[in-house]
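Note sheet for the following structure.
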Amino acid sequence: MIKKFLFSSLIAICTLSTAFAQTKTKESGKELNDPDNLASQYFSQVMGVAVDATSNLKLYKFIYEWIGTPYSYGGNSKRGIDCSAFTKAIYDKVFNTTIRRNSRDIFSMVDPLSKEDLKEGDLVFFKIKSRSISHVGIYLGDNRFAHASSSRGVVISNLNEPYYSRYFYKGGRVLESFKKEFEVE
């Protein structure tokens, strides 16, 4: 008798919570079966970025497919890749924009930005134990950025981590003039 009561109560609670979840979802304007919404939620959880920051699903899908790829200086494949090749691949495949191959040359193509002005898809540059730019990544939002780390391969890191905060140089947005210069005719 108690088992039947508990089972019936459990079914009632599940039914009510499902109805409540569907009502809340419809109120927010996003359907549960919306694949873009589900993908945004998934990538925001996996990558530690707010759901509203995941506006470019193509970007997040691309990064997700590369997470864990080992670092290889001069590499440009899933067997091993360096930071500038990873960034170049993102711009080629996600933004249909060709950028240069090394971090210093890429920096010459951008309008410099402070951390506060960064938006999803902007670039972040570092001077790691060097007087010149030696590392580049792509900004995701919420102080997170994707990059090919020399010690951990393709990962997502936080600009506020002491290491990256110490070596952060500037952010940058690719200038429109360069986007046109490198477009394929």
Side-chain angles (χ1 to χ4, degrees), residues 36 38-174 178 182:
D36 287 346
L38 292 173
S40 289
Q41 290 176 9
Y42 176 74
F43 289 131
S44 75
Q45 289 175 357
V46 169
M47 297 183 185
V49 178
V51 175
D52 62 350
T54 59
S55 63
N56 187 337
L57 291 179
K58 191 173 179 182
L59 171 65
Y60 288 89
K61 185 176 185 297
F62 184 90
I63 292 167
Y64 180 75
E65 291 171 356
W66 283 81
I67 293 287
T69 299
Y71 179 87
S72 175
Y73 182 77
N76 64 358
S77 72
K78 294 240 178 150
R79 290 194 323 224
I81 195 162
D82 66 19
C83 65
S84 56
F86 178 64
T87 303
K88 182 175 175 37
I90 288 173
Y91 265 76
D92 284 346
K93 301 295 184 198
V94 175
F95 299 108
N96 296 319
T97 300
T98 301
I99 59 174
R100 296 182 177 145
R101 178 58 173 87
N102 76 50
S103 54
R104 286 181 297 282
D105 289 343
I106 295 169
F107 185 74
S108 72
M109 301 175 67
V110 304
D111 182 21
L113 302 167
S114 66
K115 272 186 196 179
E116 296 76 33
D117 295 326
L118 289 169
K119 293 182 182 175
E120 178 185 79
D122 286 339
L123 299 169
V124 288
F125 297 90
F126 302 85
K127 290 183 174 182
I128 300 176
K129 300 175 185 173
S130 173
R131 290 185 178 200
S132 60
I133 294 168
S134 58
H135 190 62
V136 63
I138 188 154
Y139 189 72
L140 301 175
D142 291 342
N143 288 310
R144 302 279 211 187
F145 68 104
H147 62 120
S149 159
S150 60
S151 61
R152 298 177 295 150
V154 175
V155 293
I156 294 173
S157 300
N158 193 314
L159 289 172
N160 293 330
E161 291 174 31
Y163 181 83
Y164 294 110
S165 182
R166 179 178 342 136
Y167 294 116
F168 178 80
Y169 176 60
K170 288 189 180 183
R173 191 166 297 142
V174 175
F178 284 106
F182 284 95

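- Distance alone, capped at 3.5 Å, places no donor-acceptor pair between the Ser103 side chain and the Val136 backbone.
- Heavy atoms only, all atoms of each residue included: Leu113 and Arg173 are closest at CD1-NH2, 3.6 Å.
- Taking every heavy atom of both residues into account, Ile63 and Ile90 meet most closely at CG1-CD1, 4.1 Å.
- The line from CD1 of Ile156 to CD1 of Ile67 is 4.0 Å long, rounded to the nearest 0.5 Å.
- Ring geometry for Tyr163 versus Tyr167: interplanar angle over 60°, hence perpendicular rather than tilted (30 to 60°).
- The residues Asp117 and Lys170 are annotated as not salt-bridged, no charged nitrogen and carboxylate oxygen being separated by less than 4.0 angstrom.
- Asn76 approaches Arg101 most closely through the heavy-atom pair CB-NH2, 4.5 Å.
- Between Arg144 and Asn158, the closest side-chain pair of non-hydrogen atoms falls below 4.5 Å.
- Between Val110 and Leu123, the closest heavy-atom pair is CG1-CD1, 3.9 Å.
- The environment of Lys115 atom NZ is dense: over 12 non-hydrogen atoms of other residues, nucleotides or ligands sit within 6.0 angstrom.
- Looking at Asn102, its side chain does come within 3.5 Å of a backbone N or O of Arg104 through a donor-acceptor pair.
- Looking at Ile106 and Tyr91, their side chains never come closer than 4.5 Å, going by heavy atoms from C-beta outward.
- In this structure, the separation between CD1 on Ile138 and CD on Glu120 is 8.5 Å, given to the nearest 0.5 Å.
- Between atom NZ of residue Lys88 and atom CG of residue Asp105 there is a gap of 11.0 Å, rounded to the nearest 0.5 Å.
- Taking all atoms of both residues into account, the shortest heavy-atom contact from Arg152 to His147 is NH2-NE2, 4.4 Å.
- If you take CG on Asn143 and CG on Asn160, they are separated by 4.0 Å, rounding to the nearest 0.5 Å.
- Side chain of Tyr169 to main chain of Ser134: no donor-acceptor pair is present (N/O by atom type, distance under 3.5 Å, no hydrogens or angles).
- Of the residues listed (Tyr164, Phe125, Tyr139), the one engaging Phe145 in a ring-ring contact (aromatic ring centres under 6.0 Å, His included) is Tyr164, and it is the only one.
- Side-chain atoms of Lys78 come within 3.5 Å of backbone atoms of Glu65 as a donor-acceptor pair (strictly under, hydrogens ignored).
- Taking 4.5 Å as the limit, every side-chain heavy atom of Phe86 sits out of range of all side-chain heavy atoms of Tyr71.
- Nearest heavy-atom pair across Pro112 and Phe107 is CG-CZ, 4.1 Å.
- Although no hydrogens or angles enter the test, the distance criterion places a donor-acceptor pair under 3.5 Å between the side chain of Lys58 and the main chain of Lys93.
- When atom types are taken as modelled, the side chain of Ser130 and the backbone of Lys127 share no donor-acceptor pair closer than 3.5 angstrom.
- Taken from CD1 in Ile133 to SG in Cys83, the straight-line distance is 11.0 Å, to the nearest 0.5 Å.
- Between the side chain of Asp82 and the backbone N or O of Gly74 there is at least one donor-acceptor pair closer than 3.5 Å.
- Summarising the geometry, atom CG belonging to Leu140 is positioned 11.0 Å from atom CG belonging to Asp122; distances are rounded to the nearest 0.5 Å.
- Note on ring orientation: taking the six-membered ring where Trp is involved, the planes of His135 and Phe126 are tilted (angle from 30° to 60°).
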